Every structure is written in structure tokens, then in C-alpha cells.
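Here's the structure, in C-alpha cells; my notes come after.
What you see below is based on every heavy atom in this structure, not just the backbone, and it leaves out hydrogens, waters and symmetry mates. Worth saying up front: this structure is predicted, and the values here are computed from it rather than measured.
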Amino acid sequence: GGPLLVHKGALQPFPSPKGTNASLSARNPRTALGFNFRNLYLAEVDGRQKTLSVGMTFAELAALMKSLGCTEAMNLDGGGSSTFWLDGRVVNSPSDKHERAVANAVAILRKKTAVRP
């Protein structure tokens with residue numbers, strides 16, 4: 001993943017839209033993971049869909065993660081790979097209109113606990 005969005009509670013700097021790296025300031029679908037001392041946050045932002053969402057810049061995504069309470073957050077794969085899958089189905093609107101065959105994922109599973117008599 002990368003870039004880092006929030007570190008030690010501080011927003012990380014990104015170039016202005018007039019900067020030299022347009023990919024950092026462009027609005028695109030984004031996926032992020034963040035946490036604080038108590039919670040883990042997963043965020044997926046749809047994009048490239050005029051009637052639904054244009055996406056976010058890295059600076060906007062960083063601000064979102066900080067507003068959720070993250071003290072640490074990083075960007076994950078984005079663009080057409082931004083897909084949120086929950087309980088066996090896609091629950092967002094991927095910009096490619098379908099799931100991509102990607103080689104990375106964040107999986108969160110519930111551990112079964114033993115039943116005591």
C-alpha cells in the first residue's frame with residue numbers, strides 16, 4: 001500500500017493540484033485502511049462515475065480517514081481495483097462495473113469461539 005495518509009495523528013502532505021505529480025491530486029476511486037488505539041477502519045470510495053461519485057484525491061482521502069478518528073492510515077490499491085466485498089457480494093459500485101482479478105486483498109475473518117458447557 002501507499003502512500004501514507006495519516007501518521008501519528010497528522011495528515012501527510014500532498015502536492016497541490018498544480019504540482020508535478022497529477023496522480024496524487026486527481027480524483028479517483030480509492031481504498032484505505034486506518035486505525036487508532038481502539039478501532040480498525042476500512043474505507044472504499046467509488047469514482048469515475050459522474051452520477052455517483054468522482055472519487056477523491058489523496059489529500060481528501062487523508063482528511064476523511066483523520067475525520068473518522070484514524071491516527072494511522074494508508075492508501076491501498078485504487079482505481080478499478082477499489083472493490084468492497086462483504087458477506088459474499090460486492091457492496092460498492094466498482095468503476096469497471098465488475099470485480100477485477102487482483103492479487104491483493106485485506107481479509108477480516110471472525111474467529112469461532114469454543115462453546116463452553
Quiz item: Taking Ser82 for the side chain and Glu44 for the main chain, is one N or O donor matched with an acceptor at less than 3.5 Å?
Solution: no
Quiz item: So do Asn28 and Arg48 actually touch side chain to side chain, heavy atoms under 4.5 Å?
Solution: yes
Practice problem: Hey, could you give me the CG/CG distance between Leu42 and Leu86, rounded to the nearest 0.5 Å? | Solution: 10.0 Å
Self-check item: Residues forming a salt bridge (Lys or Arg N to Asp or Glu O under 4.0 Å) with Glu60, sequence neighbours excluded
Solution: Arg27
Quiz item: Under a 4.5 Å cut-off applied to non-hydrogen side-chain atoms, are Asn36 and Tyr41 in contact?
Solution: yes
Quiz item: Side chain of Lys66, backbone of Ala10: donor and acceptor closer than 3.5 Å?
Solution: no
Practice problem: To the nearest 0.5 angstrom, please state how far the CG atom of Leu5 sits from the CZ atom of Arg30. | Solution: 9.0 Å
Quiz item: So do Thr83 and Asn92 actually touch side chain to side chain, heavy atoms under 4.5 Å?
Solution: yes
Quiz prompt | Reported CE-to-CG distance for the pair Met65 and Leu11, which is rounded to 0.5 angstrom | solution = 11.5 Å
Quiz item: Roughly how far, to the nearest 0.5 Å, is OG1 of Thr57 from CZ of Phe14?
Solution: 8.0 Å
Quiz item: Taking it one step at a time, do Leu33 and Leu40 satisfy side chain to side chain contact (heavy atoms under 4.5 Å, CB included)?
Solution: CA-CA 7 Å; Leu33 182 143; Leu40 173 70; 4.0 Å; yes
Quiz item: Got a second to check how far Glu72's CD is from Phe37's CZ, nearest 0.5 Å?
Solution: 13.5 Å
Exercise. Check whether the side chains of Gln49 and Lys97 place a donor and an acceptor atom closer than 3.5 Å, and report yes or no.
Key: yes
Quiz item: Roughly how far apart are Asp46 CG and Ser95 OG, rounded to 0.5 Å?
Solution: 8.0 Å
